[in-house]
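Chain naming here is simple, since letters A, B, ... match the order of the sequence lines and numbering starts at 1 in each. The shown structure was predicted, so the numbers you read here are calculated from the model rather than taken from an experiment.
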Protein chains: 2
Amino acid sequence: MSGSQPKTLSRIQREKRSAIKQAALDVFSIYGLRGATLDKIAQAAGLTKPNILYYYASKDDIYFDLLNGLLDDWVAPLRKILKTGDPLHEILNYMRAKLAMSREKPRESKLFATEILHGAPLTQDVLSTSLKEILDEKVAIIEFWIAEGRLAPVNGYHLFFSIWSMTQHYADFDVQVKALLQGAQA
Amino acid sequence: MSGSQPKTLSRIQREKRSAIKQAALDVFSIYGLRGATLDKIAQAAGLTKPNILYYYASKDDIYFDLLNGLLDDWVAPLRKILKTGDPLHEILNYMRAKLAMSREKPRESKLFATEILHGAPLTQDVLSTSLKEILDEKVAIIEFWIAEGRLAPVNGYHLFFSIWSMTQHYADFDVQVKALLQGAQA
DNA sequence: TAAAAAGTGGTCCAAATGGTCAAAAATTTA
DNA sequence: TAAATTTTTGACCATTTGGACCACTTTTTA
């Protein structure tokens with residue numbers, strides 16, 4: 001983690017750090033930052049605790065690294081919304097991408113949700129800078145479509161909030177969804 | 001807390017237990033079950049740690065008591081949906097009630113969200129029994145309205161999931177909402 | 001293949017934390 | 001007001017946990 005590390009990580013470094021992140025994702029998404037222990041992560045990764053601390057300076061450091069990678073994935077589908085596309089197609093496409101993410105990456109969604117829920121201690125500044133920047137841009141596209149009469153008037157920000165909440169709900173609250181759909185046709 | 005206690009709590013008992021629950025709500029909703037400490041709760045309640053443990057057997061016990069009361073509040077608006085009412089009015093009313101709850105009781109919403117997010121260790125059985133029971137009942141009302149042609153066809157379960165997710169989003173992810181709405185008209 | 005570098009893990013430590021306990025203080029009851 | 005009961009708290013304990021240390025092993029490099 002020190003500044004003097006070479007930019008190119010060795011094979012071992014890449015593998016081990018990846019294994020640690022995978023294990024940490026499992027553990028953090030279930031227990032949260034405080035509830036997760038280095039021992040649990042170490043066990044899940046098949047490594048010893050000191051060995052984990054050889055690759056990461058601290059538990060918080062793992063969490064931070066994990067969360068940073070997540071944000072990129074989370075924003076990726078948003079970037080694909082194009083002003084030149086058809087409004088309905090672009091929006092539906094985005095919704096499908098978000099829903100697919102919830103289905104395929106529930107742990108990531110939960111980890112992110114936990115972070116925000118607890119006040120986003122590590123990501124607050126990212127939210128209010130780079131995420132806000134790209135959201136503003138996409139909301140402008142929505143407003144452009146509305147101005148052109150190609151989309152019914154709607155508040156762009158709250159449109160995105162709605163999409164996020166509805167799609168992520170199925171990953172974040174899967175326990176509840178499953179409990180309530182028990183025996184019902186989905 | 002033992003079974004031999006009289007049903008009627010003394011004034012002091014009621015006041016202290018209430019103060020503890022208030023403080024615990026503050027602390028648990030921010031830090032989660034694991035992240036919250038008895039010391040933090042004690043400080044927030046203006047009591048000493050042993051004194052807290054005089055009224056509650058354990059930290060988990062406080063959490064459990066708190067969560068139980070919450071579930072009732074959470075379900076209350078759902079109970080008010082009447083088969084005999086006008087579909088649109090009943091549903092809009094419910095949405096408004098849920099949205100009001102998010103605005104007025106964000107801590108409660110967050111606490112509940114954290115619980116579910118972490119797998120609902122304490123509430124799983126309540127979810128799949130009493131909550132499921134009342135939801136099934138209300139979904140039947142939705143289906144009745146649809147059958148009568150008074151409501152467009154929609155899956156009742158997912159309709160409720162959508163309402164829950166969208167309304168609770170503003171409480172649970174308030175940090176994100178605020179960060180992104182900064183400088184924008186809500 | 002020898003030296004240097006990278007990687008590993010057993011052991012230990014200090015701080016945090018949930019919880020106990022007995023004695024003191026306050027309150028209620030007789 | 002004296003005895004009984006309830007409430008409060010300071011001191012203490014056991015466990016967990018993040019992290020440091022250092023000797024040892026493996027891998028890479030010259």
What is the distance, rounded to the nearest whole Å, between atom CD of Q43(B) and atom C1' of dA16(C)?
-> 15 Å

Please examine the side chains of L99(B) and M95(B), heavy atoms only from C-beta on, and report whether any two atoms are closer than 4.5 Å.
-> no

Rounding to a whole Å, what distance do you find between R17(A):CZ and dA6(C):P?
-> 15 Å

Would you say dT7(D) has OP1 or OP2 under 4.0 Å from some side-chain N or O of Q13(B)?
-> yes

Among all residues two or more places apart in sequence or in another chain, which pass the side-chain contact (heavy atoms from CB on, under 4.5 Å) test with L82(A)?
-> T84(A), E90(A)

Mind checking who shares a hydrophobic cluster with L117(B), ILVMFWY linked at side-chain heavy-atom distances under 4.5 Å?
-> L117(A)

Sub-6.0 Å ring centroid separation between F173(A) and F161(B) | no

Would you say the side chain of Q182(A) lies within less than 4.5 Å of the side chain of S128(B), judging by non-hydrogen atoms?
-> no

Indicate for each nucleotide in nucleotides 8-22 of chain D, in 5' to 3' sequence, whether protein heavy atoms under 4.0 Å reach the base (B), only the sugar-phosphate (S), or nothing (-).
-> BBBB-----SBBB--

